[in-house]
There are 2 protein chains.
Amino acid sequence: MSTPAARTPDSETLWVQDFADGSREQRDLLGGKGANVAEMTRVLGPALVPAGFTITTAACVAYMESGGTLPDGLHEQTISALGRLEAATGKTLGDPEDPLLVSVRSGARESMPGMLDTVLNLGLTDRSVEGLAARTQNPRFAWDSYRRFVQMYANVVKGVAGEDLERAIAQRKQVRGVALDTELDTDDLRALVATFKDLYRDATGEAFPQDPRVQLDGAIRAVFDSWTGHRAVTYRRLNRIPDSWGTAVNVQQMVFGNKGETSGSGVAFSRDEVDGAPEPSGDFLANAQGEDVVSGVRTPRDIRELAEWQPAVHAQLMDILRTLERHYGDMQDTEFTVEEGRLYMLQTRAAKRPAQAAVRFAVDAVAEGLLDKGAALRTIDASSLDALLHPTFGNLDYAVLARGVAASPGAAKGHLVFTAKEAVARASDPEYPHDLILARPFTEADDVAGFHAAKGILTSEGGKASHAALVARGMGRPAVTGASEVEIDLDARTLRVGDVVLHDGDLIAINGSTGAVTTDDVPLVEPEVSEHFQTVLAWADELRGLGVRTNADTPQDAARAISFGAEGIGLCRTEHMFLGDRQPLMADVILAANDRDRAAAIDALRPLQESDFEQILRTMDGRPVTVRLLDPPLHEFLPHPEALPEHSPERARVESLQEVNPMLGTRGVRLGILMPALYEMQVRALFTAAARIDGPTPPRVEVMVPLVDYERELELVRGLIDRVAREVGMPADAYLVGTMIELPRACFLADEIAHHADFFSFGTNDLTQTGLGFSRDDIEGRILARYIDVGILDRSPFETIDSPGIGQMLRMGAWLGRCTKPQLKLGVCGEHGGDPDSIAFFHESGIDYVSCSPYRVPIARVAAAQAAVAGADART
Amino acid sequence: MSTPAARTPDSETLWVQDFADGSREQRDLLGGKGANVAEMTRVLGPALVPAGFTITTAACVAYMESGGTLPDGLHEQTISALGRLEAATGKTLGDPEDPLLVSVRSGARESMPGMLDTVLNLGLTDRSVEGLAARTQNPRFAWDSYRRFVQMYANVVKGVAGEDLERAIAQRKQVRGVALDTELDTDDLRALVATFKDLYRDATGEAFPQDPRVQLDGAIRAVFDSWTGHRAVTYRRLNRIPDSWGTAVNVQQMVFGNKGETSGSGVAFSRDEVDGAPEPSGDFLANAQGEDVVSGVRTPRDIRELAEWQPAVHAQLMDILRTLERHYGDMQDTEFTVEEGRLYMLQTRAAKRPAQAAVRFAVDAVAEGLLDKGAALRTIDASSLDALLHPTFGNLDYAVLARGVAASPGAAKGHLVFTAKEAVARASDPEYPHDLILARPFTEADDVAGFHAAKGILTSEGGKASHAALVARGMGRPAVTGASEVEIDLDARTLRVGDVVLHDGDLIAINGSTGAVTTDDVPLVEPEVSEHFQTVLAWADELRGLGVRTNADTPQDAARAISFGAEGIGLCRTEHMFLGDRQPLMADVILAANDRDRAAAIDALRPLQESDFEQILRTMDGRPVTVRLLDPPLHEFLPHPEALPEHSPERARVESLQEVNPMLGTRGVRLGILMPALYEMQVRALFTAAARIDGPTPPRVEVMVPLVDYERELELVRGLIDRVAREVGMPADAYLVGTMIELPRACFLADEIAHHADFFSFGTNDLTQTGLGFSRDDIEGRILARYIDVGILDRSPFETIDSPGIGQMLRMGAWLGRCTKPQLKLGVCGEHGGDPDSIAFFHESGIDYVSCSPYRVPIARVAAAQAAVAGADART
């Protein structure tokens, strides 16, 4: 992005717009709140929505760019809008008889709850408070409002310490011997106003402003300034909201829920906010302003009780909720105030909701005719569905022993084990309990067999992108990583947190969705794909264009993925098949002293590979299975050199295979060129296994060659594959040969590589690492926090594809590949294949299918459908 | 490259062309020899060149693609051409009275000396040999020719073992009691022909063919087959000649240098083949065929003696050499035959020549008006100039102790030292001799100070791209790497080769141009840039468009580079400045427990950096100096963790900085973002140093930020640089800020990055590693040989830029950068900056300058000029 040219403040610019003139389409200009209030005014009519106007985000941007000067014309336009507001309400700001009071609220394009400032009851002065008291015949209400205003203004606009103000209230209550704010009487409130004004003078050196226009000016500046405050900046970093957006300011006539027992304030959802059931939900408080409902000082009442308290208001509110929901086509979250029996709607917005509520709403909305399937799907946050696909601790309280990174979602409970080898042994030993939690400082390729054997993984080092996190997410194993309070002593086989010491075999539970670790015997609640969720997934399958496959290396993973709706395997990694028990066999292959010994070692592996492939092919029952030939550097299959005798030839050979940068090393197709017998064994095992399956649905085998840079690499390996196919009698149309596109060079030369490929599968993990020249470990482990902090990144490029960089490389590869073969099949099998934002990008890039871990298959199905619907909408 | 569609043999295709109809422009079709013979026929006239015809490379390609079938039409066209040849010579193939004899010689597009097959004297049969004997009245000549033919045909066409044939000759000589072939008489030769025919029948089951057309057919096939023979394939791999070219076959009337004492054969160069002096050079033998001159059985005579032997022939030959040289505009290498006093020219081609001859020829050719400067420059092989820029052992014989890889050219002699630290200490200690050879199994960043201290480097591991080789080439230090016979025991401080054991301090010499290691006290001959070479370099500077800078980290390197004509420093790496003595200071910076300690450690480094920069800026005297801010991962400056106490916090910190893939790690600008104080110190030191220089030529400072991926990375660091400039009073127009473009993402987003850059410098080493996803160590150390063998690569992509892949990334970066800033300055500072083929690519890519090691600066100047001349030629 280029630095935008500085905007010249322009007195002709429209900085201010009345609610009555706006609509929801103007969200960028008016902010979410401003646009929604305007829309609501249009939909419900002006009688139900207090009047007001919005100072636009453009004004905030101009203010920021000028270094804190309000833009030319803003003052005049504000005065003018105020005049219209006064005319509409029949009241005047600062009128000593019947003053207009206004709220001044922030409202950014995206909701930033609690991050930006708000001032209520603005317009009260020492004189007008008396007018309000007289007019309402409610002096306590008037002084309570003035007290609230002075307190808020002092704190928010002038930075008077909130504690000092609160302390004054507490002292007053102590003096008066009361417990609640509502027990303070008019005199108390009057006294508090005086105290607050003293505090104000002490802090600012000025008297509290008695000119409401000065008050308004101060409040507007305070809202603008809050946009660049520390809290807001941090929030935006975390939520990927650009600094450049700015916030709007909404100035609205006050209505009062604190005018007595026929007044009140509340929040209402158009459906149940927890489970999405059709009944509206919410809370309210009689004789209270909105802030009181949220603050938790008094316990609010359920919205259903509103029907007893003021039946007409309840009925009207229910009607309004239906109207708004129908109008917006989405579940609404509203704020309302009842002023002396009259209902006012202050705010409406799409309701944030947990996954089960989102799914329920979508299904019901279609059943009710509110939305069509595509629109209903788009109301679901696909990422949130993760929560429905893993075991949980339920809603029980438990004692948290330590916290780490929520690295792979779901909960797991079991007995501590400290090595992968023991985990494998115990998992199949009837002497031991089978539920195991594998705890390691960090994990490596050697430990992967232990991931299969254990129910969950706990590490004291590494983040969301550590080896442990990646492998665990890939397998759908819950994992907590980087729990830095946890000290794991592998020699002593203890896990220590402060004074608590756990030993091998002790019970422990982890929650990979929250990062919590506990020794409580929490019950695990298994996930169910509910009927509603099944319905949503069926619609997704109707609507999506992208295929969804899974990354699965075992029949178990394959079966699970099928149950989640995977249409095939997009990535079956073969390296895990050579670890655990088989590692010594693989070591023999690599370390063989001569060709004869190597051939013998490879022969010993072949029947095992055949059986691996046969089971997976049978499980997939005619669905396509993409098998990637061996990829990792050879040393991953070897013992550590230190474990071998010094000066032994074996150790020398193992040492010679160590690499300074293994990611950039002798792996992938390079192995296939250097040691063709290994690839040949794999291909022969695969084809032989396929030939054994003679049911009605023949297996669909796709052989995938990793890490290709050069056309000729693929040409050579394809030659080997085709030769083996002929030798075992595999018909030429019974299998495909393709390649990973996971190196920048391959994207540039994809037209040439495509000559020898029936399909491409973009390996976006490695493409990201090489395209950025930045390892996953370094980005996520060392630098991400800092890079987000200084505005370089807004999230890890391993989580969501870096669309302007890596994404464009992928598109170049896709385009060039299809220049050569217009029907070339294109897939994606990196971690990004399960990320909704990335899936949308892949959909728009013309990819045919994504492949992701089994547990993310449902998410990918929904996200793919959303991308298809969004794309169709954008084109109509 | 795509697989070419199989060529359909087409009887309309022209497979055969007479010499008289061809020209040198048809080299691709006729091969080098065929094109040159045709051209020579045109230039010298048919009387001087024996007539004949060429069977084209296209015929060979069709033959290969059909799996060994001669294409339709070839036979007819050959017969037809033979008819024309018979008409022109007045003789007939196989005529029993006066037979036409022909030679059948291979001739590929590029010369492949000795790799492809040749058959001479074809057309002789049992009958025609008698006719030849009668006609020439020289039976011995006739039978010698027949003996040669049968022997060659049996061996070359039918694969009869050469040893068996040679043994028969040896036996005959033994029986007759003579030593030389020429001492065998007609009867002997007749008997040998009979013996050869028996051997032929034993091997093939057939009689020796008596139909000359069958002979011709067999010879043509044999030449075609030799193209795919093992020797030829290996040669092509090594010399980067595509398999797809095929070879042509030249059928030419035989002329005979073996017809007696007025006959002879020879080779002649148009200038002195060793030093390029204007006098022609060469060898000849009387009464001999061309093969005898080359075989070394008889010692040939100097070409000058030809003037005594046959003065008219000598004069004619001298005249022809001048004519050919003038015609071709290049020094010629010819073959000739004198048949009974009449001169025939058989072949001419551009002479291969050593660097000094190439330079001398270029200068003389311009002086003589033969060539203009541009054309003269293009006759020089720029790579070969390396030989003129390093010390050598001279031409003395010496005993080779071991051989390794010729990793960095030049010779060095000195006393063995086994650690960098000792090398540094001894180099400045008057107690020790200062000439040192540093011997290590392999080297690392820590050893670099030792490279500066030593005269040469010897390692037992690693190839041309090992750390030792790269650093040595960068510094111009001679190096032999991967001398695998050498065992270096660092504990015992011995270097062992078989039984020879050398100790610390023993004398050793290495020749980095040949890979030889010796313990002989060989004298070193220092290089001089000769007057001729200076002249050539001056012309190069006139003609080239590319600027040539140098990579230099020290004032010494900078001064050397200036003496070689560098116009500035394109890459001044600052990391070497923190090794050696200063490493502990740098370790303090990195390991500081708090910000105050870190600031203090950085303060301690700053005056040292200032002094580094000041010396370099003074040396460069107003030429631009591009300083790259710190690039390598921090752990390179730290001790090995094993060297620190277990469980110490220092060790934990050092361990935490180790990276699995340091190449993809926390380095470059990432350090500048994480630890801005380090970059700030460097920038402050640089600007402060620049401010101290107040001579008439102000320093030109260019600050370069490495490893940028994201626009905002550069924006942030540029902000820091500009701030420091303001703080030290550096005017904004007194320095530039730019970035390395060395990551694929940066190439894709170069338009955005360019907003904050005054220049780009393409770091083609890292761009190659990341773009290919392949480390230099792995490519050159483990896989290059195999990849060349199977036809994936023809050379290392770190030697010559991979133009379709990495080269296109560079062009994309250049193009996008200039979309934003049309005047953006573009440089290249990888190893490729000193490689002539890569320089040509950079020239065509619109790059402004290359930067290379000091010793390659002259090569780059010449190569840049050649690229400019070639480009201009191609456009006219």
Side-chain angles (χ1 to χ4, degrees), chain A residues 1-3 461 633 656-657 659-668 670 673-674 707 709-713 715-716 742-749 751-752 755-756 766-767 769-779 781-783 786-787 790-793 802 804-806 808-809 812 820, chain B residues 1-3 461 633 656 659-668 670 673-674 707 709-713 715-716 742-749 751-752 755-756 766-779 781-783 786-787 790-793 802 804-806 808-809 812 820:
Chain A
M1 286 164 291
S2 64
T3 309
E461 302 173 18
S656 79
L657 288 168
E659 295 177 294
V660 180
N661 293 286
M663 173 63 51
L664 304 176
T666 303
R667 42 177 289 241
R670 300 157 194 172
I673 304 283
L674 279 186
L707 218 72
D709 253 328
Y710 298 97
E711 177 192 6
R712 178 133 176 91
E713 289 172 326
E715 184 183 18
L716 287 168
E742 53 187 335
L743 297 171
R745 189 187 196 274
C747 293
F748 269 79
L749 279 306
D751 49 343
E752 300 190 352
H755 288 294
H756 309 286
D766 274 3
L767 190 59
Q769 294 202 103
T770 51
L772 296 177
F774 215 161
S775 80
R776 194 150 53 190
D777 291 343
D778 280 282
I779 289 194
R782 295 171 196 262
I783 211 150
R786 175 80 179 160
Y787 264 41
V790 297
I792 297 170
L793 292 175
D802 162 44
I806 309 306
Q808 293 308 312
M809 287 183 211
M812 180 180 226
T820 298
Chain B
M1 287 165 290
S2 64
T3 310
E461 301 173 18
S656 79
E659 294 177 296
V660 180
N661 293 287
M663 173 63 51
L664 305 176
T666 302
R667 42 176 289 240
R670 300 156 192 172
I673 305 285
L674 279 185
L707 218 73
D709 253 327
Y710 298 98
E711 178 192 4
R712 178 130 177 92
E713 289 172 327
E715 184 183 17
L716 287 168
E742 53 186 334
L743 297 171
R745 189 188 198 274
C747 293
F748 269 80
L749 278 306
D751 49 343
E752 299 189 353
H755 287 295
H756 310 286
D766 273 4
L767 190 60
T768 300
Q769 294 202 105
T770 51
L772 295 177
F774 214 161
S775 79
R776 195 150 51 187
D777 291 343
D778 279 283
I779 289 194
R782 295 171 196 260
I783 212 151
R786 175 82 178 159
Y787 265 40
V790 298
I792 297 170
L793 292 176
D802 161 44
I806 308 306
Q808 293 308 312
M809 289 182 209
M812 181 179 225
T820 297

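A, B, ... follow the sequence lines: proteins, then strands. Residue 1 opens every chain.
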Between CD on residue B:E659 and CG on residue A:N661, distance to nearest 0.5 Å: 9.5 Å

Test salt bridge (Lys or Arg N to Asp or Glu O under 4.0 Å) applied to B:D766 - qualifying residues, sequence neighbours left out: B:R667

A:F774 versus chain B, the contacting section by heavy-atom distance below 4.5 Å: both

Proximity breakdown for A:L767 and chain B, heavy-atom pairs closer than 4.5 Å: neither

Engaged part of B:R670 at the chain A interface, taking heavy atoms whose separation is under 4.5 Å: both

Interface residue of largest heavy-atom contact number with chain A, from B:G805, B:A746, B:G771, B:G668, under 4.5 Å: B:G771

Pairwise side-chain contact, A:M809 with B:P744, heavy-atom cut-off 4.5 Å (strictly under): yes

Side chains of A:I673 and B:I783 in contact at under 4.5 Å (non-hydrogen atoms): no

A:I806 side chain reached by B:F748 side chain, heavy atoms, under 4.5 Å: no

Leading residue by heavy atom contact count with chain A [cutoff under 4.5 Å; candidates B:D751, B:T820, B:L793]: B:L793

Partners meeting salt bridge (Lys or Arg N to Asp or Glu O under 4.0 Å) with A:E461 (sequence neighbours left out): none

For A:P804 against B:R745, the heavy-atom pair lying closest together: CG-NH2, 3.6 Å

Segment of A:D802 engaging chain B (4.5 angstrom heavy-atom cut-off): side chain

Under 4.5 Å from a heavy atom of chain A, the part of B:L743 involved: both

Point-to-point distance, once rounded to the nearest 0.5 Å, from CE of B:M663 to OG1 of A:T770: 13.5 Å

pair A:E713-B:Y787: side-chain heavy atoms closer than 4.5 Å: yes

Atom pair CD/CD1 of A:E715 and B:I792 - distance to nearest 0.5 Å: 9.5 Å

Shortest non-hydrogen contact between B:T666 and A:D778, atoms and distance: OG1-OD1, 2.8 Å

Between A:L772, A:D709, A:L749, the one whose heavy-atom pairs under 4.5 Å with chain B are most numerous: A:L772

B:V660 vs A:S775 side-chain heavy atoms within contact, under 4.5 Å: no

